[in-house]
Amino acid sequence: GAVVSQHPSWVICKSGTSVKIECRSLDFQATTMFWYRQFPKQSLMLMATSNEGSKATYEQGVEKDKFLINHASLTLSTLTVTSAHPEDSSFYICSAPDTMGGNTIYFGEGSWLTVV
Amino acid sequence: DAKTTQPPSMDCAEGRAANLPCNHSTISGNEYVYWYRQIHSQGPQYIIHGLKNNETNEMASLIITEDRKSSTLILPHATLRDTAVYYCIVRANNYGQNFVFGPGTRLSVLP
């Protein structure tokens, strides 16, 4: 199947700093990508929909100024957690639909963020 | 909210078939049934999807009832590496349509 890659796989940052997570579709183009967050022992929760060439759409309760999303190209979306706090520590996962593969959605490997 | 209900957990003996049920009684005519699994600390992995016909691939089989209100994912010969959380999701196959995840079924394959 199609491949979606995230970087970094894990990151530790200090409170108050910002951290960027990249999501790339390696063998297909994606005008839309989705960002999820998953806390331990819980299911995935959609944070926002990233749109190439336009602003991201955020789910209710997700602060757009804290979680900055930039869909820079047809193969790259980035999520920047600004002024990170310990409660932002979580598993962040991106996904993208493969239009050539019947719009099946493929997920990245996920990125563990720990804020200390 | 997720439009599917699944048992929270199941056990299966190694080498036996694992049959994971899913109820989706409010599924719409244009919505597909998708199955993903998530192994600990990894992103969800695509398994299979279908609209109304039964489907089979190298990983699993998907059996959808005629009224489409429920389905069953079958792993024909479960191995220890199949231990994971399995998510059943219904979704219209439109570009830009995201997934809504429920809690899934935690499958434990026992030696």
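Keep in mind that this is a model prediction, so the values were computed, not measured. Numbered from 1 within each chain, the chains take letters A, B, ... in sequence-line order.
- Of all heavy-atom pairs between A:L46 and B:N98, the closest is CD2-ND2, 3.2 Å.
- Only the side chain of B:Q38 has a heavy atom closer than 4.5 Å to any heavy atom of chain A.
- Residue-environment remark: NZ (A:K66) exceeds the threshold of 12 foreign heavy atoms within 6.0 Å.
- Nearest heavy atoms, B:G102 versus A:S43: O-OG, 2.6 Å.
- Both B:M10 and B:I48 sit in one connected hydrophobic cluster of ILVMFWY residues. Membership requires side-chain heavy atoms under 4.5 Å apart, directly or through other members.
- When hydrophobic clusters are built by joining Ile, Leu, Val, Met, Phe, Trp and Tyr residues whose side-chain heavy atoms come closer than 4.5 Å, directly or via intermediates, A:V4 is grouped together with A:W10.
- Between B:F101 and A:F107, the gap from one ring centroid to the other is short of 6.0 Å.
- Looking at A:Q38, the atoms closer than 4.5 Å to chain B (heavy atoms on both sides) all sit in the side chain, from C-beta outward.
- Atom CD1 in A:I105 sits 5.5 Å away from atom OH in B:Y36 (nearest 0.5 Å).
- Linking ILVMFWY side-chain heavy atoms closer than 4.5 Å, directly or via other members, places B:I89 and B:L51 in a single hydrophobic cluster.
- Heavy atoms closer than 4.5 Å to chain A are found nowhere in B:Y32, neither backbone nor side chain.
- Put simply, B:V85 and A:F39 are part of two different groups of oily side chains (I, L, V, M, F, W, Y) that touch within less than 4.5 Å, one to the next.
- Residues B:L80 and B:L107 share a hydrophobic cluster, clusters being chains of Ile/Leu/Val/Met/Phe/Trp/Tyr side chains in contact below 4.5 Å.
- For B:R68, the CZ atom sits in a packed shell: over 12 heavy atoms of surrounding residues, nucleotides or ligands are nearer than 6.0 Å.
- Once rounded to the nearest 0.5 Å, the distance linking CZ of B:F99 with OG of A:S95 reads 8.0 Å.
- Contact annotation for B:P103: only backbone heavy atoms (N, CA, C, O) come within less than 4.5 Å of a heavy atom of chain A.
- Using a 4.5 Å heavy-atom cutoff, the side chains of B:Y87 and A:L44 are in contact.
- At a 4.5 Å heavy-atom cutoff, the contact between A:I93 and chain B is made by side-chain atoms alone.
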